[in-house]
Amino acid sequence: TTACITALDKVLTKDVFPRVTKLGDALAAGHNKIIKKYGLRACAVNLGANGTVFWRKKPPTNYREWLDQDFGAFWRYWHMNLNRGVIPQAQCYDEQWTVSALHPQKDVDHMLEVFDEIGRAMA
């Protein structure tokens with residue numbers, strides 16, 4: 001309980017959320033730029049601290065649309081990240097990153113550099 005209270009009082013303060021959202025939005029925008037650059041059938045979205053690359057042209061709006069994506073491409077992307085030292089969320093199709101209060105911009109930049117390599121390889 002003490003750890004939770006400390007996290008809420010000292011780490012997850014109101015001033016952290018705009019910065020975390022900004023980094024998450026930068027990840028999604030950067031992924032989308034790379035997706036467009038290589039003509040991949042994918043799209044990236046971010047909501048607050050959490051984001052994902054969906055392997056379909058548009059973000060899904062319901063479960064049927066969510067099922068209509070290239071899960072083979074997802075697994076290639078997931079393993080290619082892992083092989084380059086970027087660990088996406090633990091095998092989740094709908095959330096590959098969670099930005100924390102401790103992530104700096106250089107982590108976002110690194111993740112996008114890795115995705116540029118992956119995009120080129122998957123094109």
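Met80 has its side chain out of reach of Glu117: every pair of non-hydrogen atoms, C-beta onward, lies at least 4.5 Å apart. Using a 4.5 Å cut-off on side-chain heavy atoms (C-beta onward), Lys58 and Glu65 make no contact. For the pair His110 and Val86, the minimum side-chain heavy-atom distance is below 4.5 Å. Pro60 places a side-chain heavy atom less than 4.5 Å from the side chain of Phe54. By the 4.5 Å heavy-atom criterion applied to side chains, Gln96 and Phe74 are counted as neighbours. Considering only heavy atoms from C-beta on, Leu27 stays 4.5 Å or farther from Leu23 through its side chain. Contact check for Val114 versus Asn81: side-chain heavy atoms found under the 4.5 Å cut-off.
In this structure, His103 contributes its side chain and Ser100 its backbone to a donor-acceptor pair below 3.5 Å.
The aromatic rings of Trp78 and Trp75 stand perpendicular to each other, their planes meeting at an angle above 60°, with 30° marking the opposite boundary.
Arg56 and Asp68 are joined by a salt bridge, as a carboxylate oxygen and a charged side-chain nitrogen come within less than 4.0 angstrom of each other. Classification of Asp116 and Arg120 as a salt-bridged pair holds, one side-chain N sitting under 4.0 Å from a carboxylate O.
Counting non-hydrogen atoms of other residues, nucleotides and ligands closer than 6.0 Å to CG of Leu67 gives a total above 12. Heavy atoms of other residues, nucleotides or ligands lying less than 6.0 angstrom from CZ of Phe71 number more than 12.
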Practice item. Please lay out, stage by stage, how Arg41 and Trp55 fare under the test side chain to side chain contact (heavy atoms under 4.5 Å, CB included). Key: CA-CA 6 Å; Arg41 188 175 182 270; Trp55 292 93; over 6 Å; no
Point to revise | side chain to side chain contact (heavy atoms under 4.5 Å, CB included) evaluation trace for Val53 with Trp97 | key: CA-CA 9 Å; Val53 175; Trp97 65 78; 4.3 Å; yes
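Atom CZ in Arg19 sits 9.0 Å away from atom CG in Asp15 (nearest 0.5 Å). The CD1 atom of Ile118 sits 8.5 Å away from the CE atom of Met111 when rounded to the nearest 0.5 Å.
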